[in-house]
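All of these numbers come straight from a predicted model, not from anything done at the bench.
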There are 2 protein chains.
Amino acid sequence: MMKYAGQTRFLVAVDCIIFGFDGENFKLLLIQRGFAPEKNKWSLMGGFVQPHESLEVGAQRVLKQLTGLEGVYLEQISAFSEPNRDPVERTIVVPYFALIDIQKYQAQLSSDYHAEWFLLSEKPQLIFDHEQMVEMAKMRLRYKAALHPILFELLPEKFTLPQLQTLYEKLYDTTFDKRNFSRKVLSTGLLVKQDEKDKENSRKGAFYFKLDKEKYYDNFQAFLKFIPNPEKFLI
Amino acid sequence: MMKYAGQTRFLVAVDCIIFGFDGENFKLLLIQRGFAPEKNKWSLMGGFVQPHESLEVGAQRVLKQLTGLEGVYLEQISAFSEPNRDPVERTIVVPYFALIDIQKYQAQLSSDYHAEWFLLSEKPQLIFDHEQMVEMAKMRLRYKAALHPILFELLPEKFTLPQLQTLYEKLYDTTFDKRNFSRKVLSTGLLVKQDEKDKENSRKGAFYFKLDKEKYYDNFQAFLKFIPNPEKFLI
DNA sequence: AAATTAAGTGTCATAATAACAATTTATAAA
DNA sequence: TTTATAAATTGTTATTATGACACTTAATTT
């Protein structure tokens with residue numbers, strides 16, 4: 001089915017940049033590339049778009065095939081299209097970044113697949129321009145998370161305020177005043193305090209909170225201001 | 001040069017959504033499609049990506065070829081990839097939106113090309129999924145302009161505060177208090193008041209302002225708050 | 001029982017915001 | 001020449017949001 005005569009067709013791929021948070025640090029999910037060139041080198045999860053699927057569907061398929069993950073939060077970022085970015089054959093790639101709760105998918109991941117979590121600070125060299133994609137995804141995440149409450153996607157169902165604050169502090173590589181932080185977070189009305197405490201990480205223990213799912217979905221696009229002076233971090 | 005065996009290649013296109021502002025209303029630049037199908041129907045400026053160009057370069061080339069415009073502010077938005085979006089042959093399209101000063105390019109446009117400005121409210125039916133692209137670009141513009149000072153791209157070198165306010169009011173389909181608006185705008189330090197007045201639009205005349213270009217480029221990513229309660233407009 | 005460690009909480013001064021209306025300027029009309 | 005008109009320009013105030021700052025509480029460990 002080639003009806004627009006005289007035009008060049010291109011390979012189109014999707015790559016998935018999957019961020020996780022282990023309670024202490026950001027992590028990145030990587031696999032070892034299964035085919036040449038750069039076979040066995042660490043790489044983002046990627047694959048070619050198939051004839052009858054959209055980019056979004058392709059990204060979900062690739063993610064499922066390579067990691068077993070389904071139904072995760074995916075967001076498209078700017079396409080990479082430098083003619084020589086793939087040395088084998090020109091490929092235009094549309095990257096997606098995703099945020100997932102590491103614990104939730106740990107069993108699934110470790111049993112069936114060979115994807116591995118790396119601390120963002122200790123990630124190995126990646127193939128092609130995947131480093132750039134990770135960098136761009138991180139910038140995008142910083143931008144988006146400064147305005148919208150998406151970081152909850154990285155946390156388990158129950159989490160503590162200190163955990164949430166650490167998450168934000170690690171993303172922006174800074175520290176926040178805990179009194180101001182909790183005031184802002186709680187003022188959104190998105191969090192519901194639980195009776196139970198997390199006793200793993202301190203003697204006193206920290207109360208768990210859950211997301212108010214309904215408010216969360218309603219307010220997903222709402223502007224928040226968890227980050228003081230966002231312009232300091234987003235330039 | 002097909003080295004990744006067994007994979008399907010796709011046509012990849014770029015479409016340009018060009019916004020302008022005539023001092024009173026938003027406008028959209030359209031052309032009549034020059035080839036079948038839908039020949040002579042109104043359409044965005046689009047074209048297929050060529051073998052040795054990136055998407056960005058392709059978008060600039062298409063824009064130049066079809067309108068004569070060069071070096072305009074272009075920003076990529078999310079790719080459209082539904083398998084049947086182009087009835088002739090599957091095409092994945094990466095749209096770019098642009099903001100230009102209508103006056104600046106009017107001569108160029110009308111002499112050599114057949115692109116035409118339409119009021120956004122009076123635009124004709126567009127081919128394929130171009131309506132969706134325009135809608136998405138408009139949403140993206142509203143989002144971006146609420147946070148960053150990009151709307152100046154739509155104005156001539158000299159402009160008045162009432163003009164600027166009208167621009168914002170039309171984009172968000174609302175009205176703002178002019179005292180608060182001018183306070184916010186002027187507090188950015190981006191505007192330099194001129195001695196001259198615009199006497200076209202009122203008896204008293206309104207002072208012209210120019211952008212402080214240096215500050216503008218430095219602060220392009222800076223957060224502004226021209227729009228009160230942005231969450232009202234961006235959901 | 002005392003020491004330790006992290007969680008949890010409150011105040012205050014300053015800045016930002018939104019709501020609000022009177023004055024000024026230049027032209028047009030009388 | 002004076003008056004009317006229309007839009008531009010300008011300031012105040014009450015409220016809210018913000019950021020800076022330090023002590024108290026809870027539970028475990030020694």
Side-chain angles (χ1 to χ4, degrees), chain A residues 23-24 146-147 149 155 158-170 172 174-210 222-234, chain B residues 23-24 146-147 149 155 158-170 172 174-210 222-234:
Chain A
E24 199 55 45
L147 301 171
L155 293 171
K158 294 183 302 185
F159 52 87
T160 67
L161 287 185
Q163 280 166 12
L164 184 64
Q165 183 168 344
T166 302
L167 175 55
Y168 276 86
E169 289 179 341
K170 285 296 161 69
Y172 295 97
T174 186
T175 56
F176 300 117
D177 181 274
K178 61 183 170 182
R179 289 160 292 191
N180 294 337
F181 184 82
S182 74
R183 172 158 45 94
K184 285 189 182 185
V185 168
L186 294 175
S187 76
T188 63
L190 287 175
L191 300 194
V192 182
K193 191 174 189 175
Q194 307 301 113
D195 294 329
E196 193 189 354
K197 274 186 170 183
D198 162 40
K199 308 295 283 292
E200 302 277 304
N201 300 297
S202 73
R203 292 179 187 167
K204 180 175 176 180
F207 281 104
Y208 280 119
F209 287 81
K210 283 186 181 177
F223 271 49
L224 299 178
K225 288 166 190 166
F226 293 169
I227 311 303
N229 306 316
E231 59 274 4
K232 272 175 61 182
F233 301 104
L234 303 179
Chain B
E24 199 56 45
L147 300 171
L155 293 172
K158 295 183 301 185
F159 52 88
T160 66
L161 287 185
Q163 279 166 13
L164 184 63
Q165 183 167 347
T166 302
L167 176 54
Y168 276 87
E169 290 180 339
K170 286 295 160 69
Y172 295 97
T174 186
T175 56
F176 301 116
D177 181 273
K178 59 186 170 181
R179 287 160 293 188
N180 294 337
F181 184 82
S182 75
R183 173 160 43 84
K184 286 188 182 186
V185 168
L186 294 174
S187 75
T188 64
L190 287 175
L191 299 194
V192 183
K193 192 174 187 173
Q194 307 301 113
D195 293 330
E196 190 189 356
K197 275 185 169 184
D198 161 41
K199 310 295 282 295
E200 301 280 300
N201 300 296
S202 72
R203 292 178 188 168
K204 180 176 176 180
F207 282 104
Y208 280 119
F209 287 81
K210 283 187 181 176
F223 270 50
L224 300 178
K225 289 166 191 165
F226 293 169
I227 311 303
N229 306 316
E231 61 274 10
K232 272 175 58 182
F233 300 105
L234 302 179

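Not one N or O on the side chain of A:Lys178 forms a donor-acceptor pair closer than 3.5 Å with the backbone of A:Pro162.
A donor-acceptor contact under 3.5 Å is formed by the side chain of A:Asn180 with the base of D:dA20. Side-chain N/O atoms of A:Arg183 and base N/O atoms of D:dG19 include a donor-acceptor pair closer than 3.5 Å.
Distance B:Glu200 CD to D:dA7 P: 15 Å, rounded to the nearest Å. As a whole-Å value, the separation of B:Leu186 CG from D:dA8 P is 15 Å. Protein atom OH of B:Tyr208 is 17 Å distant from nucleotide atom P of D:dA7, rounded to whole Å. The distance from atom CG of A:Asn201 to atom P of C:dG8 is 12 Å, rounded to the nearest whole Å. Note: CZ (A:Phe181) to P (D:dA20) measures 15 Å, nearest angstrom. Rounding to whole angstrom units, CG of residue B:Asp198 and P of D:dA8 are separated by 9 Å. One can place CZ of B:Phe176 at 17 Å from C1' of C:dC20, the figure rounded to the nearest angstrom. In this structure, A:Gln165 places its CD atom 14 Å from P of C:dT9, rounding to the nearest Å.
An end-to-end axis angle of 10° holds for the helix from C:dA1-D:dT30 to C:dA30-D:dT1, taken from five base pairs per end and rounded to 10°.
Annotation for B:Asn180 and B:Asp177: closest pair N-OD1, 3.0 Å, computed over non-hydrogen atoms. When all heavy atoms of B:Pro149 and B:Leu190 are compared, the pair lying nearest together is CB-CD1, 4.0 Å.
For the atom pair B:Thr160 OG1 and B:Gln194 CD, the distance stands at 12.0 Å (nearest 0.5 Å). A:Lys158 NZ to A:Phe209 CZ: the interatomic distance, rounded to the nearest 0.5 Å, is 13.5 Å. Rounding to the nearest 0.5 Å places CD of A:Gln163 at 9.5 Å from CD of A:Glu24.
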Along nucleotides 21-30 of chain C, 5' to 3', which nucleotides get a B, which get an S, and which get a -, given that the test is a protein heavy-atom distance under 4.0 Å?
-> B--BBBBS--
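Using a 4.5 Å heavy-atom threshold, the side chains of B:Thr166 and B:Lys170 count as touching.
In this structure, A:Phe181 has its ring center closer than 6.0 angstrom to the ring center of A:Tyr168.
Remark: A:Glu169 pairs with A:Gln165 by the side-chain hydrogen bond (donor to acceptor under 3.5 Å, both in side chains) rule, at least two apart or across chains.
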